[in-house]
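Step one of this worksheet: look at the structure below.
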Amino acid sequence: GDDTIISSGTNDVVDAGAGNNNITISSTADAGEYTSGDGNDIYNIQEGASGKTTITSGDGIDKFNVNSSNLSNLSNADNTGIDINANGEGVKTLNLNQGHIRNFDSGSGDDVITSSSGTTIGTDWDQGINTRAGNDTITLDGFLIAGANVNLGEGNDNLSINGGSQGAYYSFSPIYGEAGNDTITVSGDKAIRINVDLGDGNDSFNASDATNFNNLDPERSFVRGGR
């Protein structure tokens with residue numbers, strides 16, 4: 001059925017099942033596992049929510065609104081943040097207004113991801129964003145932790161990196177365009193540590209408005225054109 005659920009405990013385990021569900025992870029929630037089946041689901045993570053949170057959704061038009069600055073993570077030792085497994089079919093929307101997303105994994109669909117300044121995405125060991133097939137639009141005004149992957153999947157995707165990507169001197173964020181006519185834009189004055197493989201298709205890469213490429217290692221930083 002169409003459920004409305006408010007989670008406010010510690011290590012809550014919630015299974016909403018199929019339907020058009022509205023799930024709120026409240027300001028007092030501390031870690032937990034949340035699952036919803038097929039349907040159009042909305043997850044709202046309120047300011048104050050903390051701990052490591054895992055969300056899994058099925059097919060459908062799903063939205064994830066993250067608003068908690070307590071969910072922050074700049075190192076693996078700080079085991080907080082959110083893992084979102086939304087790899088069913090359908091449009092998935094992530095609004096990262098405050099906090100940290102460890103990993104966002106979606107299936108086929110024209111997904112929309114936005115992150116605000118002050119937020120972080122990824123870890124320095126291969127987690128990050130994986131949107132698979134679809135014409136996805138990703139705008140990152142927040143910080144992309146160096147070492148985090150961005151895999152755009154098949155489709156005509158649009159990626160804007162405005163908030164920077166940096167970490168240890170040996171860490172770079174790999175960006176994979178894969179098949180499709182992708183547009184990747186890098187801008188702003190935050191430090192950038194990325195390498196880009198545009199993949200197949202008629203792709204565009206533009207970093208003319210980026211002003212901080214300090215400490216780049218030429219062996220690890222590159223842009224490889226499509227095939």
Side-chain angles (χ1 to χ4, degrees), residues 74 84-87 89-96 100-117 119-227:
L74 291 178
I84 298 178
N85 305 310
N87 50 22
E89 295 185 0
V91 175
K92 314 299 181 182
T93 300
L94 169 63
N95 298 308
L96 179 56
H100 174 71
I101 295 292
R102 295 169 61 89
N103 195 62
F104 182 86
D105 192 356
S106 65
S108 60
D110 298 340
D111 303 318
V112 178
I113 298 173
T114 58
S115 73
S116 298
S117 177
T119 64
T120 54
I121 291 180
T123 68
D124 60 8
W125 50 282
D126 295 337
Q127 291 185 307
I129 297 171
N130 182 9
T131 56
R132 293 191 173 87
N135 301 325
D136 307 312
T137 301
I138 302 173
T139 304
L140 304 180
D141 291 334
F143 195 76
L144 182 66
I145 294 177
N149 291 335
V150 177
N151 191 328
L152 300 176
E154 297 181 2
N156 302 327
D157 305 307
N158 193 313
L159 170 64
S160 298
I161 301 175
N162 308 317
S165 171
Q166 193 175 28
Y169 75 94
Y170 53 80
S171 294
F172 288 75
S173 291
I175 312 295
Y176 301 105
E178 296 200 0
N181 302 327
D182 304 315
T183 300
I184 298 175
T185 305
V186 181
S187 65
D189 60 359
K190 304 296 184 183
I192 304 294
R193 298 176 71 88
I194 60 175
N195 54 54
V196 179
D197 187 339
L198 293 170
D200 295 340
N202 299 319
D203 306 307
S204 171
F205 177 84
N206 186 345
S208 61
D209 289 332
T211 59
N212 188 346
F213 282 90
N214 290 337
N215 302 319
L216 290 183
D217 182 341
E219 293 183 358
R220 293 185 174 92
S221 60
F222 58 82
V223 176
R224 179 180 293 127
R227 294 174 288 279

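This structure is a prediction, so every number in the text was calculated from the model and none was measured. Count residues from 1 along the sequence.
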ask   = So with a 6.0 Å cut-off around CG of N202, is the heavy-atom count from everything else above 12?
value = no
task = Would you please say whether a donor-acceptor pair under 3.5 Å links the side chains of S160 and N162?
result = no
query = Given side chains that start at C-beta, do those of I138 and L152 come closer than 4.5 Å, heavy atoms only?
reply = yes
task = Determine, stepwise, if the pair R132 / S108 fulfils side-chain contact (heavy atoms from CB on, under 4.5 Å).
result = CA-CA 6 Å; R132 293 191 173 87; S108 60; 5.9 Å; no
task = Report yes if the side chains of V150 and I161 come closer than 4.5 Å at any heavy-atom pair, otherwise no.
result = no
query = Has the side chain of S165 got a donor or acceptor atom that lies under 3.5 Å from a matching backbone atom of L144?
reply = yes
remark   = Between the CZ atom in F143 and the CD1 atom in I121, the distance rounded to the nearest 0.5 Å is 11.5 Å
key: Test side-chain contact (heavy atoms from CB on, under 4.5 Å) applied to L159 and L140, step by step   = CA-CA 8 Å; L159 170 64; L140 304 180; 4.3 Å; yes
inquiry  = Let's go through I145 and H100 carefully: what are the C-alpha distance in whole Å and the side-chain angles of both, what is the deciding distance for side-chain contact (heavy atoms from CB on, under 4.5 Å) to 0.1 Å, and is it a yes or a no?
reply    = CA-CA 10 Å; I145 294 177; H100 174 71; 3.8 Å; yes
Distance (rounded to the nearest 0.5 Å) between T139 OG1 and L96 CG = 12.5 Å
query = Between N195 and F172, what is the shortest heavy-atom contact and its length?
reply = ND2-CB, 3.9 Å
message = Determine whether a donor-acceptor pair (N or O, by modelled atom type, separation under 3.5 Å) exists between the side chain of N103 and the backbone of G128.
response = yes
inquiry  = Evaluate I184 against D203 for side-chain contact (heavy atoms from CB on, under 4.5 Å), listing each step before the verdict.
reply    = CA-CA 8 Å; I184 298 175; D203 306 307; over 6 Å; no
task = Apply the side-chain hydrogen bond (donor to acceptor under 3.5 Å, both in side chains) test between T131 and each candidate in D157, N151, T137, D136; give the one that qualifies.
result = D136
query = Below 4.0 angstrom, N of the basic side chain to O of the carboxylate: do D197 and R224 qualify?
reply = yes
Heavy-atom pair with the smallest gap, counting every atom of P174 and A148 = CD-O, 3.5 Å
Closest heavy-atom pair and its distance - S106, K92 = CB-CG, 3.9 Å
task = Can you see which heavy atom on E178 is nearest to which on E154, and at what distance?
result = OE1-N, 4.1 Å
ask   = Within the distance-only criterion (no hydrogens, no angle test), does the side chain of N156 pair as donor or acceptor with the backbone N or O of N181 below 3.5 angstrom?
value = yes
key: Non-hydrogen atoms of D111 and G107 that approach each other most closely   = OD2-O, 3.6 Å
inquiry  = Give me the atom names and distance for the closest heavy-atom approach of F205 to V196.
reply    = CE1-CG2, 3.8 Å
query = Do D141 and S116 have side-chain N/O donor and acceptor atoms under 3.5 Å apart?
reply = no
query = Rounded to the nearest 0.5 Å, how far apart are CG of N130 and CG of N85?
reply = 10.5 Å
